[in-house]
Number of protein chains: 2
Amino acid sequence: MTASASSRLSIDDWTERALALLMDEGVGAIKINRLCRELGVTKGSFYWHFADLDAFLAAIAEKWCAETREALSGLSELHALPPLERIRAMALRLIDDRSWSVERALREWAKDDAKVAVVIVEADQFVFELVQAALLELGHSAQDARLRAGLLVYAGIGFAHGQASLPQPTADDIENLITFLSSEAQP
Amino acid sequence: MTASASSRLSIDDWTERALALLMDEGVGAIKINRLCRELGVTKGSFYWHFADLDAFLAAIAEKWCAETREALSGLSELHALPPLERIRAMALRLIDDRSWSVERALREWAKDDAKVAVVIVEADQFVFELVQAALLELGHSAQDARLRAGLLVYAGIGFAHGQASLPQPTADDIENLITFLSSEAQP
DNA sequence: ACCTGAACACCGTTCAAGT
DNA sequence: ACCTGAACACCGTTCAAGT
């Protein structure tokens, strides 16, 4: 997509490199000087493309937002699966893979950047609603589904941020968790 | 405790001011220049007390660690309460009060500073074990207690970090959550 | 022991000048 | 249109000198 073997740089060349840095070394690693060195240009080049560091960070955030939105819409096909499978897919997604390091940085970032905050909320909301709908389909009350779906999503976020403070859940744990979350309410 | 009406500064004067800045404006607000201005000294003074910025940040972290440890040991008296009450206390603590802003910054910080990471783990572990023990007392199996306690703690951390992505839980929600978490396991 | 004041390197930012 | 090169302000850091 961004082949750009040409001598001149595009905005994507900058943001792409920056996102890579973000994942590997955190926000602190994003320095104009360093990027210029790695991309083989001088700082003037940077300032031709971007008004300032803030604008650049905004562009990085924008790129991440687009990628995340795409990833989410890719998950829409889950609607075909039976409810329990959908919950399992979300639980695994929350715990297993993905560049949580980026998401963690972006969540911190969202404090300052409203646009990032919106996408973060969208992502959380997406998972929440998917799980909630599945629980409703399984026959839970509205209140029950809301509570349990919220619990799962918050736990997922917490898991991403608590860097292994507590023992990692096993595959068995996940199964038990799903059983627990979808268990019948007691009066 | 740190009256210090004297003209000379102590280490606590610096860390105290820095912790205040941390809470109000985040880690980014901790600048040597700014602290010097606010404390009415020059940068040389700072460098007499601290080797460099990293050492200063470590001192701030140290102070926060001490305060947090103290706060945790203050919670030990909860052992007198009946199990459900203990769980309620933890749930409310996780959701309700406290300077989550500091904790969020510190959790990010823990990535670089092992000492901070240790205290964060201690804090998480403390809550986890308290809830787990309460669930065991209520007659849950070991595995069950582990799963549910972990779920609550992770949800608490997630709640602290997800800045109101999802609707805030009401007092009713908390009660339902406790009921749910302490409900009997189904075979 | 605790602090000042001046210096230096580094980084973000600007801008006139080049192709 | 895209980039260089030199300049400047700001911040972290050092250190000789003051009390």
Side-chain angles (χ1 to χ4, degrees), chain A residues 1-22 24-63 105 108-109 111-113 116, chain B residues 1-63 105 108-109 111-113 115-116:
Chain A
M1 244 173 199
T2 34
S4 132
S6 77
S7 56
R8 299 279 154 123
L9 296 176
S10 73
I11 289 187
D12 264 0
D13 291 321
W14 290 94
T15 50
E16 207 168 291
R17 190 84 204 85
L19 268 180
L21 279 178
L22 225 196
D24 293 348
E25 308 180 36
V27 205
I30 301 182
K31 306 272 182 197
I32 297 175
N33 276 325
R34 174 164 177 187
L35 280 164
C36 289
R37 208 183 318 125
E38 295 190 5
L39 292 172
V41 287
T42 58
K43 291 191 282 187
S45 170
F46 173 89
Y47 281 96
W48 189 87
H49 289 287
F50 308 99
D52 52 15
L53 228 201
D54 269 358
F56 181 51
L57 292 175
I60 299 170
E62 184 66 43
K63 190 181 178 67
E108 187 69 17
W109 200 325
K111 233 174 48 188
D112 304 318
D113 189 329
V116 177
Chain B
M1 247 179 198
T2 36
S4 132
S6 78
S7 56
R8 300 281 155 122
L9 296 176
S10 73
I11 288 186
D12 265 359
D13 291 320
W14 289 94
T15 52
E16 206 168 292
R17 189 85 204 86
L19 268 180
L21 278 179
L22 225 197
M23 285 195 257
D24 294 347
E25 308 179 38
V27 204
I30 301 182
K31 306 271 181 198
I32 298 175
N33 276 325
R34 174 164 177 187
L35 281 164
C36 288
R37 209 184 318 125
E38 296 189 6
L39 291 172
V41 288
T42 59
K43 291 192 281 188
S45 170
F46 173 89
Y47 281 95
W48 189 86
H49 289 287
F50 307 99
D52 53 15
L53 228 202
D54 268 357
F56 180 51
L57 292 175
I60 299 170
E62 185 66 44
K63 191 181 176 69
E108 188 67 17
W109 200 323
K111 232 174 48 188
D112 305 318
D113 189 329
K115 265 192 278 184
V116 177

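Order of the sequence lines fixes the chain letters, A, B, ..., with proteins taken first and strands second; residue numbering starts at 1 for each chain. Both backbone and side-chain heavy atoms feed into the values below; hydrogens, waters and symmetry mates do not.
Counting only heavy atoms from C-beta outward, the side chains of V41(A) and L35(A) never approach each other to under 4.5 Å. Between I11(A) and F50(A), some side-chain heavy-atom pair lies under the 4.5 Å cut-off.
Looking at heavy-atom distances under 4.0 Å, A55(B) makes no contact with the nucleic acid at all.
Proximity of a side-chain donor or acceptor of D24(B) to a complementary backbone N or O of L21(B) within less than 3.5 Å is not detected.
When each of R37(A) and G40(B) is assigned the nucleotide of DNA chain C with its nearest heavy atom, G40(B) is the one assigned upstream, toward the 5' end. Take the nearest nucleotide of DNA chain C for I32(A) and for T42(B): the residue whose nucleotide is more 5' is T42(B).
By the 4.0 Å N-to-carboxylate-O rule, K31(B) lies too far from E25(B) to be salt-bridged with it.
One atom, CG of L53(B), and another, P of dT14(D), lie 11 Å apart when rounded to the nearest Å. Look at CD1 on I30(A): it is 11 Å from P on dG12(C), rounded to the nearest Å. Rounded to whole Å, the distance from CG on N33(B) to P on dA9(D) is 15 Å. The distance between atom CG of D54(B) and atom C1' of dC11(D), rounded to the nearest whole Å, is 15 Å. The interatomic distance linking H49(B) (NE2) with dT13(D) (P) rounds to 16 Å, in whole Å. Per the geometry, CH2 belonging to W14(B) stands 13 Å off P belonging to dC2(C), to the nearest Å. With rounding to whole Å, W48(B) atom CH2 is found 18 Å from dG5(C) atom C1'. Between the CG atom of D52(B) and the C1' atom of dC11(D) there is a distance of 14 Å, rounded to whole Å.
In this structure, dC10(D) makes no Watson-Crick or G-U wobble pair, since no nucleotide meets both defining distances under 3.5 angstrom. Pair check for dG5(D) finds dC15(C); Watson-Crick or G-U wobble, both atom distances under 3.5 Å.
Look at Y47(B) and you'll find a side-chain N or O under 4.0 angstrom from OP1 or OP2 of dT13(D).
Between the base of dG12(D) and the side chain of K43(B) there is a donor-acceptor pair shorter than 3.5 Å.
Note on ring orientation: taking the six-membered ring where Trp is involved, the planes of W14(A) and H49(A) are tilted (angle from 30° to 60°).
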